[in-house]
Amino acid sequence: MKKRLLLLSLVAMATHGVAQPVTTASDPVEWVNPLIGTDSKPSLSNGNTYPAIALPWGMNFWMPQTGKMGSGWAYTYAADKIRGFKQTHQPSPWMNDYGQFSIMPVTGKLRIDEEERASWYSHKAEVVKPYYYSVYLADHDVTTEIAPTERAASFRFTFPKTDSSYVVVDAFDKGSYVKIIPGQRKIIGYTTRNSGGVPENFKNYFVIYFDKPFTTAQAWHGKTLTKDTIEIQSAHAGAVVQFKTTKGEQVHARIASSFISYEQAELNLKEIGNDSFDAVKQKAKAAWNKELGRIRAEGGSPAQMQTFYSCLYRSLLFPRKFFEFDANKKVVHYSPYNGKVLPGYMFTDTGFWDTFRSMFPFLNLMYPSLNAQMQEGLANAYKEGGWLPEWASPGLRSVMVGSNSASVIADAYLKGGRGYDINTLYEAVLKNSENEGPMDAVGRRGAPYYNKLGYVPYDVNINENAARTLEYAYDDFAIYQLAKALKRPQTEIDRFAKRSLNYRNLFDKETGLMRGKNQDGSFQSPFNPFKWGDAFTEGNSWHYTWSVFHDVQGLVDLMGGRQKFVSKLDSVFTIPPIYDESYYKSVIHEIREMQIANMGQYAHGNQPIQHMIYLYNYAGEPWKAQYWLREVMNRLYLPTPDGYCGDEDNGQTSAWYVFTAMGFYPVCPATDQYVMGAPLFKKVTATLENGRKIVINAANNSDQNRYINTMRLNQKAYGKNWLSHKELQQGAVIDFDMSATPNKQRGTTPQDFPYSLSTDKGK
């Protein structure tokens, strides 16, 4: 009781921001709350996450399923009942799932339909960790526990005393198969349910072994049990096995799946081998602590520690491994692009429009070898599908805009990634830059217009044209940087250098904002800078005007100098959150999330503006970045089920927090620089892959002392508003003296400002 009272006291203090700082981050996985962001719905996203019970970047995740079969909102915090425990590959509710099936214990009267078998549950009887899940199913008097590996999972069901204990296996609708093999206490099957992006031969093959003989076993389809049938193929197939159990008896199941074959699923099951449930659980915990422990935060409140490590957990889930190890332990994959089984790496379930900004740069900082494997996977995707996947789940999906694969590829190579076919990737990037693809979000929609006019026109029936133009210009900068590194022909380098400046074509001096432009060179009219969508993507002109990652000084010049630029930045927070939703014909959730955040037009819940606050560093007022970044961390990130301020989006919104809490951020991937913010903790130690450490000290940091007074890098005074990736890779000690009042002399001169193409003397 005393321990429980102490825990409740700590939670109460953390919620009200008065808890004592945490001195050490031992056992960091225990700070993770996978339920953050799960209190969401289509009309309002507080993260749109689900509790992923998985290993870092695991091929298969598991989750408790509260939503109906086929719903993207498969687990929502407000739900009362659990329908099953689902193997999932869902990157977001908007993309939905594939390769999915579920397993559910039932007692008493046999119920196979998901509505009928569903059980009431309570969060009070639920334990949620990245490496372990447990819940009490009240209607069945059964406790279900899950512990994962990368491609398998161990289940433990604790049953009551009854002759009628069952486990229902649901292979879902849209075409599935099951076969029960009682002599081996085994069930095999496949599911084909998906949301697109798969070849015609797509299947997820699963194998399940139990440690207790079946009393009875039968297959079912739809809502109908099939008498004396243990094998069935139908639109919606399933299986049910029965046990006689004593009170508290534990029945174990080992489950693995494969996108290749049943035989491969059996190989994947060897990840468990003869390990007990508790051994699988402990290994999974150790795997998470190994990765989370690479960054040790100290001196934050309990709430800040929970938020930081929960965001770090989310940053280590996607893109998922979509490869397996064959009988010879060789890396192979089922191709979601051509349906063949081929050698080599494959990763999936990420959208570059979101994740090029900070999630992939985070991998380049902390996990460069893993990202090199991801680059090999991208080269394989191009060779197998003919195009780079801008949004893969698991194959090509037509979602979002831009050709931001260029940024992902360039940033990895420029930051030292090697050991993969960069020439094939560069060929793919070139193809993207010149061509429209087989669907809107592949290649570059409007490429002929963009390459001829320097922008995608507003009046040629290409939606989100201004957003496309701005992102293409930045992507051309990334290609320009990569072309130089690869010593491509000068004419090619010059072509992309010139295109990098195409953002200028959309700047409207009258409003000081980016604006759609017609084919004849006139600006779109009428123009409402508060109109979401239309010329922009999930945002308005106030959000997208700042999408000049590579040439902020050029944007400063267009706006009339530093003073006007800073004034424009300030306005984002002072203009009320008014909006025009007419393009969407309803208030989309991204609009609502901006409206309720009480930060003016600052819409952190979506990606286009997430770098904006850092731009104060380019105009000589870095203290304003330091102020607003702390405000965003304090107000828009919480360790609660409603703890995000919009879609978490495959690690992007989480990686923003991780970077920002450390005190710097990759405003412009494909450059060597991180732009300064200010650290959140009193100390952070990041252990790099090469064994060297980045140690960030800010001993007098506090909620009041949020401003950088002075800074030292490796014991030398440091006045710049950026840090070098190359220097950080050598190991670094960064010492901050924090203050309650801003130092308005530090970082105010052009030589202190981060990189801009306009001031690049080496271009």
Side-chain angles (χ1 to χ4, degrees), residues 16-23 296-305 307-308 562-563 565-567 569-570 572-574 599 602 611-637 656-665 667 673-686 694-724 727-728 732-754:
H16 292 90
V18 296
Q20 292 297 310
V22 178
T23 55
R296 295 280 182 175
E298 303 173 38
S301 70
Q304 289 168 336
M305 296 290 282
T307 303
F308 180 80
R562 287 157 53 181
Q563 187 174 349
F565 181 81
V566 168
S567 178
L569 288 170
D570 292 342
V572 170
F573 299 105
T574 58
M599 295 188 78
Y602 185 71
H611 69 293
M612 183 218 90
I613 295 174
Y614 285 93
L615 302 190
Y616 283 109
N617 285 281
Y618 296 75
E621 298 193 21
W623 59 90
K624 288 186 176 178
Q626 295 157 25
Y627 172 81
W628 283 113
L629 291 169
R630 186 67 68 92
E631 287 297 296
V632 172
M633 286 191 286
N634 284 349
R635 292 159 59 176
L636 302 185
Y637 289 81
W656 183 96
Y657 186 94
V658 172
F659 266 122
T660 300
M662 290 197 294
F664 52 89
Y665 183 82
V667 167
Q673 295 182 357
Y674 302 97
V675 180
M676 295 303 305
L680 177 65
F681 297 101
K682 293 182 183 298
K683 184 176 182 179
V684 170
T685 305
I694 302 170
V695 182
I696 301 162
N697 295 309
N700 62 338
N701 208 348
S702 68
D703 195 49
Q704 293 74 33
N705 293 352
R706 65 175 61 181
Y707 298 104
I708 299 173
N709 183 35
T710 60
M711 175 181 169
R712 289 181 296 154
L713 176 61
N714 296 329
Q715 300 188 345
K716 294 181 180 179
Y718 191 82
K720 297 185 186 300
N721 294 341
W722 55 273
L723 291 165
S724 161
E727 288 186 3
L728 290 181
V733 177
I734 307 168
D735 295 299
F736 292 95
D737 175 41
M738 306 298 290
S739 172
T741 56
N743 180 346
K744 296 187 178 182
Q745 279 70 53
R746 187 190 174 281
T748 60
T749 58
Q751 58 263 35
D752 300 325
F753 300 170

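Keep in mind that this is a model prediction, so the values were computed, not measured.
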Side chains of V733 and Q715: does their closest heavy-atom pair fall under 4.5 Å? no
Do I694 and M662 make a side-chain contact, defined as non-hydrogen atoms from C-beta onward lying under 4.5 Å apart? no
V22 and Q304, any side-chain heavy atoms less than 4.5 Å apart: no
Treating K682 as the side-chain partner and N701 as the backbone partner, does any N or O pair qualify as donor plus acceptor under 3.5 Å? yes
How about CD on Q751, more than 12 heavy atoms from neighbouring residues, nucleotides or ligands closer than 6.0 Å, or not? yes
Any donor-acceptor pair under 3.5 Å linking the side chain of R630 with the backbone of P679? yes
Backbone N/O of N721 and side chain of D752: donor-acceptor pair under 3.5 Å: no
Please examine the side chains of M711 and I734, heavy atoms only from C-beta on, and report whether any two atoms are closer than 4.5 Å. yes
Close side-chain approach of T748 and W623, heavy atoms under 4.5 Å: yes
Atom CE of M676 and atom OH of Y665: how far apart are they, to the nearest 0.5 Å? 15.0 Å
For N709 and M738, indicate whether the former's side chain and the latter's backbone hold a donor-acceptor pair under 3.5 Å. no
R296 side chain to T685 backbone, donor-acceptor under 3.5 Å: no
Minimum heavy-atom separation for N617 to F753, with atom names? O-CD2, 3.4 Å
Excluding sequence neighbours, so at least two apart, what forms ring-ring contact (aromatic ring centres under 6.0 Å, His included) with Y674? F659, F664, H725
Where the side chain of R706 meets the backbone of L680, is there a donor-acceptor pair that is under 3.5 Å apart? no
Salt bridge present between E621 and R562 (N-O < 4.0 angstrom): no
Decide yes or no for I696 and F681: does some side-chain heavy atom of the first lie under 4.5 Å from some side-chain heavy atom of the second? no
I'd like to know if the side chain of D735 and the backbone of R712 have a donor-acceptor N/O pair within less than 3.5 Å. no
Please list, chain by chain and in numerical order, all residues satisfying ring-ring contact (aromatic ring centres under 6.0 Å, His included) with Y602, sequence neighbours excluded. F573, H604
Please examine the side chains of T660 and V632, heavy atoms only from C-beta on, and report whether any two atoms are closer than 4.5 Å. no
Could you tell me the separation between the OG1 atom of T710 and the CG atom of N743, rounded to the nearest 0.5 Å? 8.0 Å
Can you give me the closest heavy-atom contact between A619 and V566, atom names plus distance? CB-CG2, 3.6 Å
How long is the straight-line distance from CH2 of W656 back to CG of L636, given to the nearest 0.5 Å? 8.0 Å
Under 3.5 Å: donor-acceptor pair, side chain of N705, backbone of S702: no
Do the ring planes of Y657 and F308 sit parallel (below 30°), tilted (30 to 60°) or perpendicular (above 60°)? tilted
Can a donor-acceptor pair be found, under 3.5 Å and without considering hydrogens, that links the side chain of Q626 to the backbone of I708? yes
For A625 and I613, work out which heavy atoms get closest and say how close. CB-O, 3.4 Å
Backbone N or O of A303 within a donor-acceptor pair of the T307 side chain at under 3.5 Å? yes
Heavy-atom side-chain proximity of V675 to Y616 below 4.5 angstrom: no
Among residues at least two apart in sequence or on other chains, which ones pass side-chain hydrogen bond (donor to acceptor under 3.5 Å, both in side chains) with Y618? none
Minimum-distance pair of heavy atoms, taken over all atoms of R746 and K720: NH2-O, 3.1 Å
